[in-house]
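Every value quoted in this text rests on a predicted model; they were computed, and no experiment measured them. What you see below is based on every heavy atom in this structure, not just the backbone, and it leaves out hydrogens, waters and symmetry mates. Within every chain, numbering begins at 1; the chains are lettered A, B, ... in the order of the sequence lines, protein sequences first and strands thereafter.
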Protein chains: 2
Amino acid sequence: MKLSNTLQRRIILEELRKLECHPTADELYEIVRKRIPQISLATVYRNLELLSEGGQVLKLQQTGKQKRFDGRVESHYHVRCASCGRVADIWDDEVIAVNRQLDVLVEKLGMEGYMLELNDRCEKCREKDEKPE
Amino acid sequence: MKLSNTLQRRIILEELRKLECHPTADELYEIVRKRIPQISLATVYRNLELLSEGGQVLKLQQTGKQKRFDGRVESHYHVRCASCGRVADIWDDEVIAVNRQLDVLVEKLGMEGYMLELNDRCEKCREKDEKPE
DNA sequence: CTCTTTTTAATAATGATTATCAATATTAAT
DNA sequence: ATTAATATTGATAATCATTATTAAAAAGAG
Ligand SMILES: [Mn+2]
Ligand SMILES: [Mn+2]
Ligand SMILES: [Zn+2]
Ligand SMILES: [Zn+2]
């Protein structure tokens, strides 16, 4: 089924690409709503799914966590906050190196792929640790 | 809060430990039901959660729809079937080596941990590939 | 045994995601 | 440009996994 060119789809991808962060569907919905106020959350979900099938969007999913989406599809790596679930890019040579090794290993074992995610606590959650009140 | 010794909790852990597979809460519920027919699914969920907090059970939150649980808590690694979501143990020296490296890296970066998921297709799904009808 | 605490079964509630569907928009064909 | 075929939308219902609630039962302490 060929994707047609709709305003909704275009804006969803456009707004996602503007973001440094990795929003959930509902976070992106709130942003897109500013430009298309009557858009439905289901439309955002539907399009993120289609775009990720088409390889224009990365879907970061883990059981028990809300899905998050990434407009950058070039190969790069992620850290997830262990307490709030937010995801950030990580640029660290050793992380890159381990991923390279995994590429090779997965290839050699004839597997489909892998998913490596580092866990940490994000800035915001660290601040809360300081002053818990 | 100290855990008391209930029949339900004991049997849940006992049955989980008997399994080679990594069941979802409802799969384990069906098994435990044979011994305690009136047990509730919520009890299974509650106890798996408590047992995993207590370190007697591993909770596997990988990609997929449902959490899976593991009665073996010694350090070991998993492959997940990309199509049905089933999880199996993997015993491969190189996989172990990469995990060791990740332990070190995570330690060095001062992070909380990591989640590495290897993806493949399980036997059952491979068979289906053969005769799709 | 008696009091206090914890757990249970049953079931309702929740939250994220997906499905349904009639109305509308996009694309392809004339 | 008109029309026919196809895809998409917004609204909302449904689903599914999981968690919360609660009165009754069981377990632990003394
Ligand atoms: Mn990213
Ligand atoms: Mn295992
Ligand atoms: Zn955080
Ligand atoms: Zn499978």
**OP:** Between Arg9(B) and Lys65(B), name the one whose nearest nucleotide on DNA chain C is closer to the 5' end.
**Re:** Arg9(B)

Original post:
Whole Å only: how far is the CE atom of Met1(A) from the P atom of dA28(C)?
Top reply: 14 Å

Subject >> Protein-nucleotide distance (Arg68(B), atom CZ; dT18(D), atom C1'), rounded to Å >> reply: 15 Å

Subject >> d(CD1, Ile11(B); C1', dT8(C)) in whole Å >> reply: 15 Å

**OP:** Give one of base, sugar-phosphate or nothing for Asp26(B), where a contact means two heavy atoms less than 4.0 Å apart.
**Re:** nothing

Original post:
Backbone N or O of Val98(B) within a donor-acceptor pair of the Gln101(A) side chain at under 3.5 Å?
Top reply: no

Original post:
Heavy atoms under 4.0 Å, any strand shown: does Leu7(A) hit a base, just sugar-phosphate, or nothing?
Top reply: nothing

Original post:
Does dG10(D) have OP1 or OP2 sitting under 4.0 Å from an N or O in the side chain of Thr43(A)?
Top reply: yes

**OP:** Using atom OH of Tyr29(B) as one end and atom C1' of dT11(C) as the other, report the distance to the nearest whole Å.
**Re:** 12 Å

Subject >> Sidechain-backbone polar pair: Arg9(B) side chain, Ser4(B) backbone, donor-acceptor under 3.5 Å >> reply: yes

Original post:
Between dG15(C) and Lys67(A), is there an OP1 or OP2 to side-chain N/O distance shorter than 4.0 Å?
Top reply: no

Original post:
How do Arg10(B) and Gly64(A) order along DNA chain D: which one's closest nucleotide is nearer the 5' end?
Top reply: Gly64(A)

**OP:** Could you tell me the separation between the CD atom of Glu53(A) and the P atom of dT8(D), rounded to a whole number of Å?
**Re:** 11 Å

Original post:
In whole angstroms, how far is the C1' atom of dA9(C) from the CG atom of Leu41(B)?
Top reply: 11 Å

**OP:** With DNA chain D as reference, determine whether Asn5(A) or Gln66(B) sits nearer its 5' end, using the nearest nucleotide of each.
**Re:** Asn5(A)

Original post:
Taking side chain as C-beta onward, heavy atoms only, is Lys59(B) less than 4.5 Å from Glu49(B)?
Top reply: yes

**OP:** Could you check how far CD1 of Ile36(A) sits from C1' of dT8(D), rounded to whole Å?
**Re:** 12 Å

**OP:** Please check if atom NZ in Lys65(A) has more than 12 non-hydrogen atoms from other residues, nucleotides or ligands closer than 6.0 Å.
**Re:** yes

**OP:** Give a yes/no on whether any side-chain N or O of Thr6(A) is located under 4.0 angstrom from OP1 or OP2 of dT9(D).
**Re:** yes

Original post:
Closer than 4.0 Å, any side-chain N/O of Tyr45(B) to the OP1 or OP2 of dT19(D)?
Top reply: no

Original post:
Short question: side chain of Arg68(A), backbone of His22(A) - any donor-acceptor pair under 3.5 Å?
Top reply: yes

Subject >> Rounded interatomic separation in angstrom, taking NZ from Lys59(A) and P from dA16(C) >> reply: 17 Å

**OP:** Please determine if a side-chain N or O atom of Ser4(B) lies less than 4.0 Å away from the OP1 or OP2 oxygen of dT7(C).
**Re:** yes

**OP:** Quick one: label Ala25(A) by what it contacts on the DNA or RNA (base, sugar-phosphate, nothing), any heavy atom closer than 4.0 Å.
**Re:** nothing

**OP:** Verify the contact: side-chain N or O of Gln8(A) to OP1 or OP2 of dG10(D), cut-off strictly under 4.0 Å; return yes or no.
**Re:** yes

Original post:
Are Arg80(B) and Met115(A) side-chain neighbours, meaning at least one heavy-atom pair lies under 4.5 Å?
Top reply: no

**OP:** May I ask you to evaluate whether Arg46(A) reaches the phosphate of dT9(D), defined as a side-chain N or O under 4.0 Å from OP1 or OP2?
**Re:** yes

**OP:** Would you please confirm or rule out a distance under 4.0 Å between OP1 or OP2 of dT9(D) and any side-chain N or O of Asn47(A)?
**Re:** yes

